[in-house]
Amino acid sequence: MSGPSPSSRKGLSKIACNRLQKELVEWQVNPPVGFKHKATDNLQRWVIEVNGAPGTLYANETYQLQVDFPEHYPMEAPQVIFIPPAPLHPHIYSNGHICLDILYDSWSPAMTVSSICISILSMLSSSTVKQRPADNDRYVKNCRNGRSPKETRWWFHDDKV
């Protein structure tokens with residue numbers, strides 16, 4: 001089963017548009033440290049540059065996040081993935097999918113793109129090893145044909161990384 005392609009997804013609701021416009025203005029005034037929004041004319045998909053924090057395994061490394069907002073954002077979590085090449089991390093798969101509870105089961109409408117970015121940077125910064133998840137190859141193989149990470153039943157068991 002594959003996720004909806006960007007062209008077949010529904011547009012954003014009025015509430016989602018208003019919320020994202022507000023978040024974008026806030027981002028421009030007060031961007032989270034280590035992140036840069038790459039401007040496009042598509043409010044429904046943001047591309048964000050991530051710079052590894054100094055003093056971590058990812059210092060001086062740059063990655064890109066793709067954030068796709070659903071019709072009913074913020075009541076529904078956005079889909080957040082790394083655009084390959086994804087960082088080597090025990091909770092980041094080589095296809096860019098991220099195993100992080102706030103992106104799925106622990107999502108709250110009070111969260112913002114900035115808070116998501118800070119959580120991802122914290123996850124990267126706390127890592128003590130650069131490696132893929134143990135089940136990377138099997139998971140990525142099962143995700144062929146465009147399966148969304150939101151269709152995965154994640155098991156959140158490791159709060160050390």
Side-chain angles (χ1 to χ4, degrees), residues 1-4 6 9 12-13 15-16 19-20 22-24 26-27 30-37 44-53 55-59 61-144 146-161:
M1 183 173 179
S2 66
R9 282 184 306 182
L12 296 170
S13 68
I15 291 170
R19 168 70 178 264
L20 284 170
K22 181 179 175 184
E23 286 192 44
L24 192 52
E26 174 62 27
W27 183 292
N30 186 24
V33 175
F35 295 90
K36 186 170 114 183
H37 176 260
Q44 197 162 2
R45 172 174 284 173
W46 291 16
V47 175
I48 298 170
E49 191 174 277
V50 182
N51 294 305
T56 71
L57 292 176
Y58 303 93
E61 294 181 14
T62 302
Y63 301 97
Q64 290 189 345
L65 286 172
Q66 179 177 293
V67 184
D68 289 304
F69 299 96
E71 177 186 9
H72 297 293
Y73 178 81
M75 300 312 292
E76 184 183 336
Q79 175 180 288
V80 183
I81 61 170
F82 277 98
I83 298 171
L88 278 170
H89 187 280
H91 296 293
I92 302 171
Y93 291 84
S94 59
N95 63 357
H97 292 192
I98 305 165
C99 181
L100 181 63
D101 62 348
I102 65 161
L103 300 177
Y104 312 102
D105 299 350
S106 298
W107 172 255
S108 162
M111 293 180 187
T112 63
V113 178
S114 290
S115 66
I116 293 168
C117 288
I118 291 165
S119 293
I120 290 172
L121 188 60
S122 175
M123 182 183 81
L124 285 172
S125 298
S126 65
S127 184
T128 58
V129 62
K130 281 186 162 184
Q131 66 184 32
R132 291 278 176 234
D135 63 340
N136 181 75
D137 292 345
R138 180 179 52 81
Y139 175 80
V140 171
K141 183 179 177 187
N142 288 335
C143 286
R144 290 207 177 112
R147 187 170 117 190
S148 165
K150 292 176 81 175
E151 295 175 65
T152 298
R153 296 189 81 181
W154 296 100
W155 181 44
F156 306 108
H157 59 89
D158 180 7
D159 60 359
K160 295 178 186 70
V161 185

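Counted within 6.0 Å of CD1 on Ile15, heavy atoms from surrounding residues, nucleotides or ligands total 12 or fewer; the atom is thus considered open.
Nearest approach of Pro133 to Pro90, heavy atoms of both residues: CG-O, 3.2 Å. Scanning all heavy atoms of the two residues, the minimum distance from Ala86 to Gly96 falls at CB-CA, 3.9 Å. Contact record, Ala77 with Pro70: O-CG, 3.5 Å, taken as the closest heavy-atom pair. For the residue pair Ile102 and Ile116, the shortest heavy atom distance occurs at CD1-CA, 4.1 Å. Heavy atoms only, all atoms of each residue included: Thr112 and Tyr73 are closest at CA-OH, 3.9 Å.
Under the 3.5 Å distance criterion, the side-chain polar atoms of Gln44 are matched with a main-chain donor or acceptor of Phe69. Checked by atom type and distance alone, the side chain of Glu23 pairs as donor or acceptor with a backbone atom of Val113 at under 3.5 Å. Here the side chain of Ser115 pairs no donor or acceptor atom with the backbone of Met111 at under 3.5 angstrom. Listed for the Ser13 side chain is a donor-acceptor partner under 3.5 Å among the backbone atoms of Glu71. For Ser127 (side chain) and Leu124 (main-chain N/O), no donor-acceptor pair under 3.5 Å exists by modelled atom type.
Note that CD1 of Ile83 and CD of Gln66 are 5.0 Å apart. Values are rounded to the nearest 0.5 Å. The CG atom of Leu24 lies 13.0 Å from the CZ atom of Arg19; values are rounded to the nearest 0.5 Å. With rounding to the nearest 0.5 angstrom, the CH2 atom of Trp46 is 7.0 Å from the CH2 atom of Trp27. With values rounded to the nearest 0.5 angstrom, Leu121 atom CG is found 7.5 Å from Thr56 atom OG1. For the atom pair SG (Cys99) and CG (Asp135), the distance works out to 8.5 Å, reported to the nearest 0.5 Å. Taking CG from Asn95 and CG from Asn136, the interatomic distance works out to 7.0 Å, rounded to the nearest 0.5 Å.
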**OP:** Start with the C-alpha gap between Thr62 and Glu49, add the side-chain angles, then the distance that decides, and say whether side-chain contact (heavy atoms from CB on, under 4.5 Å) holds.
**Re:** CA-CA 7 Å; Thr62 302; Glu49 191 174 277; 3.3 Å; yes

**OP:** Dump the intermediate steps for side-chain contact (heavy atoms from CB on, under 4.5 Å) on Asn51 and Tyr63, then the final yes or no.
**Re:** CA-CA 7 Å; Asn51 294 305; Tyr63 301 97; over 6 Å; no

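Between Val47 and His37, the closest side-chain pair of non-hydrogen atoms is not below 4.5 Å. Side-chain contact between Ile98 and Ile81: absent, with no pair of heavy atoms (C-beta onward) separated by less than 4.5 Å. Contact check for Val67 versus Arg45: no side-chain heavy atoms found under the 4.5 Å cut-off. Contact annotation: the side chain of Cys117 never approaches that of Val50 to less than 4.5 Å [non-hydrogen atoms, C-beta and beyond]. Within the 4.5 Å cutoff, the side chain of Ser114 has heavy atoms near those of the Pro32 side chain.
In this pair, Tyr139 and Tyr93 present their aromatic rings tilted. The plane angle is within the 30 to 60° band. Ring planes of Tyr58 and His89: tilted class, angle from 30 to 60°.
Pairs engaging residues 114-127 under the salt bridge (Lys or Arg N to Asp or Glu O under 4.0 Å) rule: none recorded [sequence neighbours left out]. Here salt bridge (Lys or Arg N to Asp or Glu O under 4.0 Å) pairs that include residues 109-132, with residues two or more places apart or in two chains, are Glu61-Lys130.
When Glu76, Met75, His72 are each tested for a side-chain contact (heavy atoms from CB on, under 4.5 Å) with Pro109, only one passes: Met75.
The side chain to side chain contact (heavy atoms under 4.5 Å, CB included) test applied to Glu26 returns Asn30, not counting sequence neighbours.
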